[in-house]
Q: 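Before anything else, here's the structure in question.
All figures in this text were calculated on a predicted structure; none of them were measured in a lab.
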Amino acid sequence: MRKLAMVPMVLGSAAAFGAMLATPALAQDGPFSGPRVEALAGYDNVKDGGDGDSEGRSGFAYGGLLGYDIQRGNTVFGVEGEITDATTSTRSYNEIVAGDRLSVDAGRDLYVGGRVGYAISPLALLYAKAGYTNARVESRYNSGATGSSELVDKVNLDGFRLGAGLEYNISPSAFVKGEYRYSHYGKLDDYDIDLDRHQLMAGVGVRF
């Protein structure tokens, strides 16, 4: 009898818990909520920010992103992590001695940060982002002398990233986006270079 008497209490507690989950304070609200995965590609430019006349070096950036968003009304809050690589590089010859060659390549780039957005419609989201980025720069030098070996140096640079973009839902679960972001890595050790990075990225993703 005691077990039977507890049935209404259990059912009532389950109903109350279900009602709590259905409230806007706890439930996901809107088409921009939930986990997401994205493929990214776009334009990459790395330059010396301390040299106003420098056009830098440009290439193609590509990679992937994982994120999670919560929507409350028209406001969206999210966190995300990203890994990209790029073809951006520079080549020079006769830098130190005749016949030598030097290459500097922009390597993998890690990013983690957050974003805040505003849904201007059920399909479109305007957002701004900020976070930490760590980029690798790889240099290779060969003197050109017979039997000489190539010297390889890899440097990991800490910096910050700021960006803004537009995300557009093309189905209940799939979306595309366009984004501009600026990254700053500061001074390189032993070099008089103040490294900046500008990127225009496009993305296609799925929200779960």
Side-chain angles (χ1 to χ4, degrees), residues 24-50 52 54-86 88 106-136 156-187 194-208:
L26 295 178
Q28 290 186 349
D29 176 23
F32 297 101
S33 291
R36 56 189 162 92
V37 58
E38 302 176 19
L40 302 170
Y43 168 79
D44 180 54
N45 177 268
V46 180
K47 63 182 295 184
D48 180 3
S54 172
E55 295 182 358
R57 292 293 184 269
S58 299
F60 177 73
Y62 55 93
L65 178 149
L66 294 174
Y68 189 90
D69 297 309
I70 297 174
Q71 183 173 354
R72 295 293 179 263
N74 289 335
T75 305
V76 176
F77 304 93
V79 293
E80 55 191 18
E82 175 187 304
I83 180 169
T84 58
D85 207 334
T88 309
R108 66 102 183 101
D109 189 351
L110 305 176
Y111 168 79
V112 61
R115 71 175 188 170
V116 178
Y118 184 82
I120 57 178
S121 78
L123 299 178
L125 173 73
L126 288 172
Y127 64 87
K129 64 189 295 179
Y132 163 80
T133 174
N134 179 278
R136 176 171 294 169
N156 294 327
L157 305 173
D158 296 316
F160 66 86
R161 175 171 296 166
L162 303 174
L166 172 66
E167 186 175 303
Y168 189 84
N169 290 331
I170 56 177
S171 78
S173 60
F175 60 90
V176 294
K177 76 176 189 180
E179 178 180 294
Y180 164 77
R181 64 259 197 107
Y182 162 77
S183 303
H184 179 70
Y185 301 99
K187 294 282 187 179
D194 194 26
L195 198 64
D196 286 343
R197 191 171 210 161
H198 300 268
Q199 295 176 316
L200 291 172
M201 302 292 285
V204 58
V206 177
R207 184 173 284 107
F208 301 96

Q: Within this structure, what is the OG1-CZ distance for the pair Thr84 and Phe60, rounded to the nearest 0.5 Å?
A: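 Rounded to the nearest 0.5 Å, the OG1-CZ separation comes out at 11.0 Å.
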Q: My understanding is that only residues two or more places apart in sequence, or in another chain, count here; which of them pass salt bridge (charged side-chain N to carboxylate O under 4.0 Å, His left out) with Asp109?
A: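 Partners of Asp109 by the salt bridge (charged side-chain N to carboxylate O under 4.0 Å, His left out) criterion, ordered by chain and then number, come out as Arg161, Arg197.
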Q: Which distance, rounded to the nearest 0.5 Å, do you find between the CG of Asn45 and the OH of Tyr182?
A: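 One gets 12.0 Å once the value is rounded to the nearest 0.5 Å.
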Q: Closest heavy-atom contact between Leu125 and Gly117?
A: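 Reported closest heavy-atom pair: CD1-C, 3.7 Å.
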Q: Would you give the length of the straight line joining atom CE of Met201 to atom OH of Tyr62, rounded to the nearest 0.5 angstrom?
A: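 Atom-to-atom, Met201:CE and Tyr62:OH are 11.0 Å apart.
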Q: Please examine the side chains of Lys177 and Leu40, heavy atoms only from C-beta on, and report whether any two atoms are closer than 4.5 Å.
A: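 Leu40 vs Lys177: side chains touch.
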Q: So, Glu179 and Arg115, do they make that salt bridge, N to O below 4.0 Å?
A: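 So Glu179 does not pair with Arg115 through a salt bridge.
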Q: Distance only, no hydrogens: is a donor on one side chain within 3.5 Å (strictly under) of an acceptor on the other, for Tyr180 and His198?
A: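 The answer is yes; a qualifying pair exists.
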Q: I'd like to know whether Arg36 forms a side chain to side chain contact (heavy atoms under 4.5 Å, CB included) with Glu80, so could you lay out the CA-CA distance, the side-chain angles of the two residues, the decisive distance to 0.1 Å, and finally the verdict.
A: CA-CA 9 Å; Arg36 56 189 162 92; Glu80 55 191 18; 2.8 Å; yes
Q: Give the minimum heavy-atom separation between Ala130 and Leu162, together with the two atoms involved.
A: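 Closest heavy-atom pair between Ala130 and Leu162: CB-CD2, 3.8 Å.
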Q: Would you say the side chain of Gln199 lies within less than 4.5 Å of the side chain of Asp44, judging by non-hydrogen atoms?
A: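 Yes; the side chains approach each other to less than 4.5 Å.
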Q: Please report the shortest heavy-atom distance between Pro31 and Pro122, naming the atom on each side.
A: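 Reported closest heavy-atom pair: CG-O, 3.3 Å.
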Q: Going by side-chain hydrogen bond (donor to acceptor under 3.5 Å, both in side chains), name the residues that satisfy it together with Tyr132, two or more places apart in sequence or in a different chain.
A: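 For Tyr132, the residues satisfying side-chain hydrogen bond (donor to acceptor under 3.5 Å, both in side chains) (neighbours in sequence not counted) are Asn134, Asp158.
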Q: Hey, does the side chain of Ser33 reach the backbone of Gln71 with a donor-acceptor pair shorter than 3.5 angstrom?
A: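 Flag set: sc Ser33 to bb Gln71 pair under 3.5 Å.
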Q: Kindly give the heavy-atom pair with the smallest separation between Tyr127 and Gly178, and that separation in Å.
A: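 That closest heavy-atom pairing would be OH-O, 4.1 Å.
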Q: Backbone N or O of Phe160 within a donor-acceptor pair of the Tyr185 side chain at under 3.5 Å?
A: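 No, the answer is negative, given that no donor and acceptor are paired below the 3.5 Å cut-off.
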Q: Run the side-chain hydrogen bond (donor to acceptor under 3.5 Å, both in side chains) test against Asn156 and tell me which residues pass, sequence neighbours left out.
A: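 In terms of side-chain hydrogen bond (donor to acceptor under 3.5 Å, both in side chains), with neighbours along the sequence ignored, Asn156 is linked to Arg108, Arg136.
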Q: Roughly how far apart are Ser58 OG and Lys47 NZ, rounded to 0.5 Å?
A: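 Nearest 0.5 Å value for the OG-NZ distance: 9.5 Å.
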Q: For the residue pair Arg207 and Phe175, would you count it as a cation-pi contact if the rule is NZ or CZ under 6.0 angstrom from the ring centre and within 45 degrees of the ring axis?
A: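 Yes, a cation-pi geometry holds between Arg207 and Phe175.
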